[in-house]
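Here is the structure we will look at.
Quick caveat: nothing in here was measured; it's all calculated off a predicted structure. Atoms considered below: every heavy atom in the structure, side chains included; atoms not considered: hydrogens, waters and symmetry mates.
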Amino acid sequence: MLGKLAKELRMLGYDTIYYRGENAYSLMKLAREEGRVILTRSSKLTPKRPEDHVVRIKEDKPSSQLRELIQLKAIRSYEETPFSRCLVCNMLLHEIPKEEVEGEVPDFIFYQQKEFFQCPQCSRIYWQGSHQDHMKKKIEELFGKPTA
Ligand SMILES: [Zn+2]
């Protein structure tokens, strides 16, 4: 139910796992082992130990959930590097030389863009595209302009 939020968090650079299992215990265990905060829409999932961090999202509109996380101070402005992760696998992207993406991306993108990034897991290629412009606007709306 939080799939869109998970993608937006990855766009912001947050290390985000989308848990598809049903088992609350194994979710809690994973979060403990990896020091993760659990974001959930469910009121049934509650912290069992002092180290458990569970944030309950009340908004059901995906477009408002990121704002809710900011209001809850669960995330803060520009603490991670936006657009540094694969939106599908959550892996950190690495830059690849432009000549290596020729034929792998649409021609107009190849000629238009200077920098390309690749996911080491799924090999998806990323560039500064229109979805980034859209997300940059959204980030600025939520956080204000970056100071750096
Ligand atoms: Zn990937």
Is any side-chain heavy atom of [X] less than 4.5 Å from a side-chain heavy atom of [Y]?
X     : Y      : answer
Val88 : Cys119 : no
Gln65 : Glu8   : no
Leu69 : Tyr14  : no

Is the side chain of [X] donor-acceptor paired with the backbone N or O of [Y] at a distance under 3.5 Å, no angle test?
X      : Y      : answer
Glu68  : Lys58  : yes
Gln118 : Ser123 : yes
Tyr19  : Ser26  : no
Arg124 : Cys89  : no
Arg85  : Met11  : no

Treat each ILVMFWY residue as a node, draw an edge where side-chain heavy atoms are under 4.5 Å apart, and state whether [X] and [Y] are in one component.
X      : Y      : value
Leu92  : Tyr18  : no
Val101 : Trp127 : yes
Tyr126 : Val105 : no
Leu142 : Val55  : yes
Ile57  : Val37  : yes

Calculate, to the nearest 0.5 Å, the distance between atoms [atom1] and [atom2] belonging to [X] and [Y] respectively.
X      : Y      : atom1 : atom2 : result
Leu66  : Met135 : CG    : CE    : 5.5 Å
Leu5   : Leu12  : CG    : CG    : 9.5 Å
Leu39  : Ile17  : CG    : CD1   : 11.5 Å
Leu2   : Asp60  : CG    : CG    : 10.5 Å
Glu22  : Leu27  : CD    : CG    : 11.0 Å
Lys138 : Ser63  : NZ    : OG    : 6.0 Å

Next item on the list: For the pair Thr16 and Arg10, evaluate side chain to side chain contact (heavy atoms under 4.5 Å, CB included) and give the outcome as yes or no after the intermediate values.
Entry: CA-CA 6 Å; Thr16 312; Arg10 284 179 191 151; 3.9 Å; yes
Tell me if the [atom1] atom of [X] is crowded by more than 12 foreign heavy atoms within 6.0 Å.
X     : atom1 : answer
Lys29 : NZ    : no
Glu34 : CD    : yes
Lys7  : NZ    : no

Notebook entry, point to check: Can Lys98 be said to sit on top of Phe110's aromatic six-ring, NZ or CZ under 6.0 Å from centre and within 45° of the ring axis?
Noted result: yes
Check: Taking all atoms of both residues into account, what is the closest heavy-atom pair of Val54 and Leu45, and its distance?
Finding: CG1-O, 3.6 Å
Margin query: Check this for me: does any side-chain nitrogen of one of Arg67 and Glu59 sit under 4.0 Å from a carboxylate oxygen of the other?
Written below: no
Checklist line | Lys/Arg N to Asp/Glu carboxylate O, Glu140 vs Lys136, below 4.0 Å | finding: no
